[in-house]
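Quick notes on the structure that follows.
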Amino acid sequence: MDSTTSMSITSLLQNGVPVVESTLLQKQPNLPNEFLWPHKDLVSFHTQEELQEPLIDLKGFMEGDEVATARAVEFVKDACLNHGVFQVINHGVDQDIINAAHQETDAFFKLPSEKKLRGKRKPGEAYGHSGAHAERFSSRLPWKETLSFEYHNNDDSKLVVVDYFKSAFGEDFEHSGSVYQRYCEAMKTLSLALFELLGMSLGGTV
């Protein structure tokens with residue numbers, strides 16, 4: 001691959017900041033140097049152990065069952081002390097909301113680069129689209145794109161996620177913003193419930 005082709009495929013300069021288009025990169029016969037990693041940093045798929053994280057059922061806790069809540073508290077405490085991570089089931093988040101968020105994510109990353117770059121992350125900012133973190137690093141770039149946006153509900157009347165998508169990507173992204181807004185609201189409710197369980201596992205009361 002000649003240098004001209006490599007540069008046009010792997011990076012686009014936007015105001016002097018390189019933005020990597022990973023979907024095109026995956027189709028190339030040769031790997032650009034920016035994406036090469038030292039062998040010592042690579043992890044063999046065959047030597048990795050499968051993570052056996054605890055699975056905690058929140059159904060009883062979410063319904064106010066005291067016995068189930070006490071059991072969940074003990075499971076959370078044990079998971080934090082011995083694993084540092086756990087998964088939850090029966091968490092109360094509508095599956096339709098989860099599916100819609102996944103669909104919007106898949107659709108976004110399949111968009112042409114010029115549409116995704118409308119909201120590219122700028123140096124020093126935490127939100128926006130980023131290809132392989134190329135705005136921060138010039139070597140050992142990860143093979144991924146990310147999309148980050150802010151959510152808060154300091155003002156219940158303001159749809160901050162919807163407004164962000166419309167301002168960053170255009171009016172035609174209002175639906176995407178609405179889906180992510182609902183997803184964030186559901187995740188906040190779940191997060192507060194998990195913080196309550198964590199507090200109880202530390203000996204606190206609610």
Side-chain angles (χ1 to χ4, degrees), residues 1 4-28 31-37 87-88 91-195:
M1 181 188 300
T4 302
T5 303
S6 175
M7 179 62 91
S8 65
I9 289 173
T10 63
S11 62
L12 303 171
L13 289 178
Q14 297 285 326
N15 298 323
V17 179
V19 179
V20 176
E21 178 54 72
S22 60
T23 54
L24 292 177
L25 179 66
Q26 295 176 20
K27 302 176 183 179
Q28 303 314 306
L31 183 64
N33 289 334
E34 295 91 338
F35 288 85
L36 294 177
W37 285 66
Q87 288 196 57
V88 295
H91 41 63
V93 178
D94 192 320
Q95 189 61 46
D96 288 342
I97 293 178
I98 296 174
N99 292 341
H102 288 174
Q103 290 169 6
E104 288 300 320
T105 299
D106 290 341
F108 178 86
F109 287 113
K110 291 177 181 178
L111 288 172
S113 59
E114 59 268 19
K115 285 194 173 184
K116 290 182 286 189
L117 291 176
R118 292 180 192 172
K120 71 179 180 65
R121 184 181 300 176
K122 299 175 182 177
E125 293 187 353
Y127 312 118
H129 169 264
S130 172
H133 299 307
E135 75 282 356
R136 297 167 55 196
F137 307 107
S138 59
S139 63
R140 301 186 189 184
L141 297 178
W143 285 55
K144 68 177 183 179
E145 296 175 86
T146 63
L147 174 62
S148 305
F149 51 88
E150 180 183 23
Y151 168 76
H152 63 78
N153 67 339
N154 297 337
D155 182 354
D156 291 337
S157 65
K158 188 173 182 182
L159 301 176
V160 292
V161 182
V162 177
D163 292 343
Y164 170 77
F165 271 82
K166 290 168 62 177
S167 63
F169 298 101
E171 292 290 332
D172 49 332
F173 280 80
E174 180 175 3
H175 175 72
S176 297
S178 178
V179 169
Y180 286 129
Q181 179 82 34
R182 296 197 304 273
Y183 181 80
C184 287
E185 291 168 354
M187 287 299 112
K188 181 192 174 184
T189 299
L190 175 58
S191 297
L192 291 175
L194 291 175
F195 275 121

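These values consider heavy atoms only, across backbone and side chains, with no hydrogens, waters or symmetry-generated copies.
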### Query
Nearest heavy-atom pair of Arg121 and Thr146: which atoms, and what distance?
NH2-OG1, 3.7 Å

#### Entry: Check: Val179 and Phe165 side chains under 4.5 Å, non-hydrogen atoms
no

### Task
Taking atom CD of Glu185 as the centre, report whether more than 12 heavy atoms of other residues, nucleotides or ligands fall under 6.0 Å from it.
yes

### Summary
What one should report as the nearest heavy-atom pair of Lys158 and Gln181 is O-NE2, 4.5 Å

### Query
Nearest 0.5 Å, what's the NZ-NE2 distance between Lys120 and His129?
11.0 Å

### Query
Could you give the distance from NZ (Lys115) to CG (Leu117), rounded to the nearest 0.5 Å?
13.0 Å

### Query
Do Glu150 and Val160 come within less than 4.5 Å of each other through their side chains, counting heavy atoms only?
no

### Any Val93 side-chain heavy atom under 4.5 Å of Tyr183 side chain
no

#### Entry: Heavy-atom side-chain contact between Gln95 and Ile98 under 4.5 Å
yes

### Query
Does the separation of the ring centres of Phe108 and Phe169 fall below 6.0 angstrom?
yes

### Message
Using modelled atom types and a 3.5 Å cut-off, is there a donor and acceptor pairing between side-chain atoms of Tyr164 and backbone atoms of Leu159?
### Response
no

### Task
Evaluate the side chain to side chain contact (heavy atoms under 4.5 Å, CB included) criterion for residues Leu111 and Arg118: first the C-alpha distance (whole Å), next the side-chain angles of each, then the deciding distance (0.1 Å), finally the verdict.
CA-CA 11 Å; Leu111 288 172; Arg118 292 180 192 172; over 6 Å; no

### Message
Return the CD to CG distance between Glu174 and Asp163, rounded to the nearest 0.5 Å.
### Response
9.0 Å

### Query
Taking all atoms of both residues into account, what is the closest heavy-atom pair of Ala126 and Ser148, and its distance?
O-CB, 3.5 Å

### Message
How close do Ala186 and Ile97 get, counting heavy atoms only, and between which atoms?
### Response
CB-CD1, 4.5 Å

### Task
Would you confirm whether Thr105, through its side chain, and Ala101, through its main-chain N or O, come within 3.5 Å as a donor-acceptor pair?
yes

### Query
Is the OH atom of Tyr151 crowded by more than 12 outside heavy atoms at less than 6.0 Å?
yes

